[in-house]
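Okay, structure first, notes after.
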Amino acid sequence: MSGLVEQARAWAAADPDEVTRAELEELLGRVEAGDDEAAADLADRFDGTLEFGTAGLRGAVGAGPNRMNRVVVTRAAAGLAAHLRDTGAIGPVVVGFDARHRSDDFARDTAEIMTGAGFKVWVMPRPLPTPVLAFAIRELGCAAGVMVTASHNPPQDNGYKVYLGDGSQIVPPADAEIAERIAAVGAIADLPRGSAGSVLGENLVDRYLDTVAELAEDGPRDLEIVYTPLHGVGGAPVVQVLETAGFSTPRVVTEQEQPDPDFPTVAFPNPEEPGAMDLAMALAAEHGADLVVANDPDADRCAAAVPTGTGWRMLRGDEVGALLARHLLDRGREGTFACSIVSSSLLGKLAAAAGQPYAETLTGFKWIGRVEGLAFGYEEALGYCVDPEHVKDKDGVSALLLLCELAAEQKAAGRTLLDVLDDIALEHGLHATDQVSVRVADLALIGQAMERLRTAPPSELGGLVVEGVDDLAAGSVDLPPTDGLRFRLADGARVVVRPSGTEPKLKAYLEVVVPVDAEAGADAARISAATRLDAIGGDVRAALGL
């Protein structure tokens with residue numbers, strides 16, 4: 001423990017941030033007083049360094065190398081600057097930030113390190129959605145962009161997302177090359193620092209919002225909308241986009257309208273999480289709304305709920321993906337329609353029926369955004385790219401607008417979004433999806449479970465024969481290697497098992513396809529699909545052995 005204490009004291013002495021320095025000194029005092037809980041906390045903070053990967057950095061804010069703080073961010077910025085310089089990248093760097101704890105501080109440190117390294121730096125004028133940053137990279141001809149955000153992580157977290165000049169998030173080998181340069185950074189006190197960059201005017205933000213609003217074509221606008229930004233930065237931008245496109249001002253959940261890094265009304269600021277949308281759906285029920293829409297805190301994801309005869313129902317990410325794809329195809333959108341390997345196979349059928357190419361990618365928009373000739377891309381975790389010409393990343397603001405446009409068109413015709421889903425199911429079969437997610441305390445258990453599945457794969461799941469197994473670690477002509485297994489089942493069903501890239505979880509993504517009888521309707525198929533998914537999910541849990 002004495003060596004760890006010495007290491008922590010050296011870190012505190014070099015920390016330029018009085019907040020985290022005081023935090024660490026207080027913790028050291030407790031350790032030296034014999035506090036076992038404080039000793040465990042200290043050990044965790046110095047258990048390695050927060051790793052820089054394709055998701056950039058993400059972790060709890062606090063002192064120490066295994067936390068998000070000004071020291072770690074400064075080193076990351078210096079490593080990125082070295083990478084850009086060594087690869088001959090030309091152009092300015094743009095820095096954005098959300099409203100999480102310390103986001104503005106981390107953005108300022110990044111700007112000062114970048115200008116100190118000789119780069120022109122643009123900084124967003126205020127906390128804004130991540131897609132505004134992605135838009136700005138291409139709009140301003142930047143060499144790179146940095147967004148300080150932890151998306152929909154818990155309140156204690158923050159993160160650091162890196163984009164290169166094409167407007168897409170980094171992928172290998174750039175992540176490893178940047179990580180190498182971060183590791184080579186010396187004492188941060190020796191790094192040259194420049195100004196805090198030039199603050200962009202609101203005209204850049206307005207150009208983004210106007211570009212989004214122009215995606216909506218002339219058509220019906222009668223739609224009662226309830227919206228929540230979940231205490232994030234999407235509130236004002238979404239309202240402005242909807243009003244510019246001709247919609248009435250949505251009813252916004254008052255308790256969640258303003259940015260608040262503590263996210264006081266939700267247990268977890270992710271619209272997929274149970275309870276996160278309760279206030280929005282209660283407001284919608286009170287006013288007889290037609291549609292509930294939501295963003296996650298940095299507004300790069302979009303969620304929706306619709307009224308049914310028995311209350312409000314959240315749409316799954318795959319359902320929203322199918323709705324947006326059908327909407328764009330009906331409008332004549334041409335190009336490649338793409339989704340991740342864990343998203344529904346339905347998108348491929350929709351694209352084929354319209355004579356458009358289809359592509360499957362690894363999980364994450366860092367891959368989807370790089371698809372050649374991309375016309376539309378989505379992933380089941382509520383991420384949608386509906387305007388890749390301007391934003392090569394998921395964008396919850398533009399997706400929200402087009403979903404409202406489709407809902408208004410259907411309302412004018414006496415129909416709903418559920419009717420569109422029924423149409424799709426009748427044409428292509430009901431594609432129902434679900435997920436099994438197992439959190440572990442010991443990461444080694446994930447590797448052991450994956451090895452068991454590789455060496456002794458199940459012969460059937462949920463009563464359906466396993467017709468083939470694809471080990472995604474081997475890679476293919478279309479997909480780079482990744483740790484995952486895809487089980488191809490009878491009747492078009494499928495299970496993909498992979499470790500989470502951001503949490504200590506092992507995830508299994510399930511899909512079944514059930515034909516729809518025209519007389520019985522899609523609801524009968526949904527009941528059958530739910531039974532099949534339950535059976536498959538039970539067998540998957542047993543096979544994982546966790």
Side-chain angles (χ1 to χ4, degrees), residues 131 134 138 166-168 211-212 214-219 302 304 315-396 398-407 409-410 417 419-433 476-480 486 492 494 496 509 511 513 515-516:
R138 304 180 80 188
D166 63 353
S168 296
T211 298
V212 172
E214 288 168 3
L215 291 171
E217 298 180 350
D218 292 338
C302 171
L315 295 178
R316 298 190 69 87
D318 285 312
E319 292 178 314
V320 174
L323 288 168
L324 290 171
R326 168 58 72 88
H327 186 44
L328 292 171
L329 288 166
D330 286 348
R331 283 173 33 168
R333 178 72 65 89
E334 296 182 346
T336 301
F337 284 66
C339 65
S340 65
I341 56 173
V342 298
S343 302
S344 174
S345 61
L346 175 59
L347 183 64
K349 297 177 182 177
L350 290 169
Q356 299 303 314
Y358 166 71
E360 205 174 45
T361 75
L362 295 185
T363 305
F365 263 84
K366 55 185 175 284
W367 300 108
I368 295 172
R370 284 181 160 75
V371 169
E372 187 89 20
L374 182 67
F376 168 74
Y378 95 93
E379 59 183 1
E380 50 75 41
L382 307 182
Y384 314 95
C385 175
V386 301
D387 185 21
E389 179 184 351
H390 297 102
V391 176
K392 291 184 71 174
D393 195 16
K394 54 186 176 289
D395 184 344
S398 55
L400 182 152
L401 173 65
L402 292 192
L403 195 62
C404 289
E405 180 184 42
L406 175 60
E409 289 176 0
Q410 296 303 311
L417 294 179
D419 291 319
V420 180
L421 289 173
D422 285 353
D423 293 345
I424 294 172
L426 187 60
E427 294 168 23
H428 302 289
L430 179 76
H431 290 62
T433 57
S476 66
V477 175
D478 301 318
L479 295 173
R486 176 166 50 193
R494 179 215 67 191
V496 179
Y509 302 82
E511 179 175 38
V513 183
V516 177

State, to 0.1 Å, how close V386 and S398 come at their nearest heavy-atom pair, and which atoms those are.
CG2-OG, 3.3 Å

If I take atom NE2 from residue H428 and atom CG from residue L346, how far apart are they, to the nearest 0.5 angstrom?
6.5 Å

Considering all heavy atoms of both residues, which atom of A399 and which atom of L324 are nearest to each other, and what is their separation?
O-CD2, 3.9 Å

Starting at OG1 of T433, measure out to CD of E319 and round the result to the nearest 0.5 Å.
7.0 Å

Would you check if L315 and L323 make a side-chain contact, meaning some heavy-atom pair closer than 4.5 Å?
yes

Does some side-chain heavy atom of L402 sit less than 4.5 Å from a side-chain heavy atom of L328?
yes

Under a 4.5 Å cut-off applied to non-hydrogen side-chain atoms, are V212 and V391 in contact?
no

dist L426:CG -> I424:CD1 (nearest 0.5 Å) comes out at 11.0 Å

Applying side-chain contact (heavy atoms from CB on, under 4.5 Å) to V513 and not counting sequence neighbours gives K349, H431

With sequence neighbours left out, what residues match D330 under salt bridge (charged side-chain N to carboxylate O under 4.0 Å, His left out)?
none

For S345, all residues meeting side-chain hydrogen bond (donor to acceptor under 3.5 Å, both in side chains), sequence neighbours excluded:
E511

In short, C385 meets F365 closest at the heavy-atom pair CB-CE2, 3.4 Å

Name each donor-acceptor pair under 3.5 Å that joins a side chain in residues 369-379 to protein atoms two or more places apart or in another chain, with its distance.
| unit_1 | atom_1 | unit_2 | atom_2 | d |
| --- | --- | --- | --- | --- |
| R370 | NH1 | Q169 | O | 2.5 |
| R370 | NH1 | K366 | O | 3.0 |
| R370 | NH2 | Q169 | O | 3.3 |
| Y378 | OH | D318 | OD1 | 2.6 |
| Y378 | OH | S344 | N | 3.4 |
| E379 | OE1 | G364 | N | 3.2 |

Taking all non-hydrogen atoms of both residues, which atom of L350 and which atom of A325 are closest, and how far apart?
CD1-CB, 4.3 Å

Please list all pairs meeting side chain to side chain donor-acceptor pair (under 3.5 Å) that have one or both residues in residues 382-391, counting only residues at least two apart or in different chains.
D387-H390

For the student: nearest non-hydrogen atoms of G317 and L382, plus distance:
CA-CD2, 3.7 Å

First locate atom NZ of K394, then atom SG of C302, and finally report the distance between them rounded to the nearest 0.5 Å.
13.0 Å

List the atom of Q410, the atom of V420, and the distance in Å for their closest heavy-atom pair.
CD-CG2, 3.4 Å

Identify each donor-acceptor pair in which a side-chain atom of residues 353-363 lies under 3.5 Å from a protein atom, sequence neighbours left out, and give them as a table.
| unit_1 | atom_1 | unit_2 | atom_2 | d |
| --- | --- | --- | --- | --- |
| Q356 | OE1 | G335 | N | 2.9 |
| E360 | OE1 | R486 | NH1 | 3.1 |

Among residues at least two apart in sequence or on other chains, which ones pass salt bridge (charged side-chain N to carboxylate O under 4.0 Å, His left out) with E427?
R326

Tell me whether E405 contacts the main-chain N or O of E217 through its side chain, where contact means a donor paired with an acceptor under 3.5 Å.
yes

